[in-house]
Amino acid sequence: GFVVAEITNLSAPNIIGGISTKKDARRLVVDGTFAYVAQGRDGIGIYDIGNPRSPQLVKNFDPSVITTVAYDLMKIGNLLYIADGAAGLIIVDVRNPAVPRVLASTNTSNNADDSAQKVEVDGTIAYVANSYSGVKIFDISDPMKPALIGQIRTAGDVVDVHIIGNYVYIADQTGISVIRATHQSL
């Protein structure tokens with residue numbers, strides 16, 4: 001689940017609301033009056049938080065076509081980018097949060113050990129931390145047709161990726177790697 005806390009007094013935060021999610025909440029993104037929650041094996045939950053004292057479920061949906069795990073999500077504009085385990089990168093239009101629409105699903109796995117763990121979007125590029133096969137890099141300028149344009153391999157299974165400027169920060173089982181990359185060089 002998730003809770004809403006009022007923090008006008010940081011030394012004494014006050015929980016004013018909350019809601020149980022269908023399963024474990026792995027990642028929460030808030031945009032306006034909606035919260036989008038990656039709920040593991042139960043897909044994505046969309047919640048109306050217009051009244052922070054009483055969040056309401058708008059929609060639970062599983063965007064993948066196979067049994068998998070929604071580990072992470074990122075919202076940009078009307079689109080959700082989801083790192084969905086063995087299902088890979090899924091792009092969903094949430095213009096109408098009550099009726100989410102899958103635009104694309106791209107398998108990122110090379111084998112059974114691969115799993116999309118984290119997604120980071122920078123402009124028209126999506127970086128997917130994809131465990132065994134490293135970081136997969138996609139051109140998402142057409143959200144209905146993501147195209148694989150590169151891959152970064154590391155010594156261990158990748159679990160996290162962040163982009164700051166021209167640097168890709170990657171966390172794997174062996175530590176942290178920092179790689180300089182510009183979109184033009186990919």
Side-chain angles (χ1 to χ4, degrees), residues 1-2 21-31 35-45 61-77 79-92 102-186:
F2 68 90
T21 57
K22 195 170 178 185
K23 195 84 170 183
D24 55 332
R26 293 176 177 253
R27 173 92 159 118
L28 168 72
V29 172
V30 174
D31 185 32
Y36 302 85
V37 182
Q39 300 177 145
R41 293 197 183 281
D42 289 315
I44 303 298
F61 79 108
D62 184 355
S64 66
V65 293
I66 61 174
T67 303
T68 189
V69 180
Y71 285 107
D72 188 42
L73 53 84
M74 186 171 197
K75 183 173 185 295
I76 299 185
L79 300 179
L80 275 183
Y81 299 88
I82 304 165
D84 202 359
L89 173 65
I90 299 174
I91 303 173
V92 178
V102 175
L103 298 179
S105 179
T106 301
N107 185 337
T108 59
S109 298
N110 289 343
N111 61 48
D113 295 327
D114 265 351
S115 177
Q117 303 284 312
K118 171 87 166 81
V119 61
E120 183 87 358
V121 175
D122 183 30
T124 60
I125 306 295
Y127 298 81
V128 179
N130 205 68
S131 62
Y132 177 76
S133 63
V135 176
K136 300 275 183 108
I137 305 167
F138 292 90
D139 177 341
I140 54 169
S141 55
D142 179 350
M144 296 182 78
K145 294 179 184 174
L148 182 67
I149 58 172
Q151 182 172 354
I152 302 169
R153 292 197 181 267
T154 64
D157 287 358
V158 175
V159 295
D160 204 354
V161 61
H162 288 278
I163 310 305
I164 299 174
N166 288 332
Y167 293 94
V168 181
Y169 295 81
I170 302 168
D172 68 16
Q173 293 173 324
T174 64
I176 297 174
S177 301
V178 180
I179 297 168
R180 183 184 166 106
T182 61
H183 297 290
Q184 295 80 15
S185 66
L186 299 174

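Hydrogens, waters and symmetry mates play no part in the numbers below; they use all other heavy atoms, side chains included. Residues: numbered from 1 along the sequence shown.
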Can you find a heavy atom in the side chain of [X] that is under 4.5 Å from one in the side chain of [Y]?
X      : Y      : result
Tyr81  : Val128 : no
Ile125 : Ile149 : yes
His162 : Lys118 : yes

Nearest 0.5 Å please: distance from the [atom1] atom of [X] over to the [atom2] atom of [Y].
X      : Y      : atom1 : atom2 : result
Lys75  : Asp31  : NZ    : CG    : 3.5 Å
Thr106 : Lys136 : OG1   : NZ    : 10.5 Å
Ile91  : Ile140 : CD1   : CD1   : 5.5 Å
Leu80  : Ile44  : CG    : CD1   : 6.5 Å
Ile90  : Leu73  : CD1   : CG    : 11.0 Å
Arg41  : Tyr71  : CZ    : OH    : 7.0 Å

Are any side-chain N or O atoms of [X] and backbone N or O atoms of [Y], one a donor and one an acceptor, separated by less than 3.5 Å?
X      : Y      : answer
Asn130 : Val135 : no
Asp114 : Ser133 : yes
Ser115 : Ser131 : no

Which residue pairs pass the side-chain hydrogen bond (donor to acceptor under 3.5 Å, both in side chains) test when at least one of the two sits in residues 144-157, sequence neighbours left out? Thr154-Asp172
Looking at Ile176, I'd like to know if its CD1 atom is crowded, meaning that more than 12 non-hydrogen atoms belonging to other residues, nucleotides or ligands lie closer than 6.0 Å. no
Take atom OH of Tyr132 as the centre, draw a 6.0 Å sphere, and report whether it contains more than 12 heavy atoms from other residues, nucleotides or ligands.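 No - once you tally the heavy atoms of other residues, nucleotides and ligands closer than 6.0 Å, there are 12 at most.
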Please give me the minimum heavy-atom distance between [X] and [Y], naming the atom from each residue.
X      : Y      : result
Tyr127 : Val161 : O-CG1, 3.8 Å
Gly43  : Ala70  : O-CB, 3.6 Å
Gly165 : Asp122 : O-OD2, 4.4 Å
Gly134 : Val158 : CA-CG2, 3.6 Å
Pro143 : Leu103 : O-CB, 4.0 Å
Thr108 : Ala116 : OG1-CB, 3.9 Å

Who passes salt bridge (Lys or Arg N to Asp or Glu O under 4.0 Å) against Asp24, sequence neighbours left out?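 Expected list: Arg26.
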Excluding sequence neighbours, so at least two apart, what forms side-chain contact (heavy atoms from CB on, under 4.5 Å) with Val30?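 Residues passing side-chain contact (heavy atoms from CB on, under 4.5 Å) with Val30: Leu28, Ala35, Ile49.
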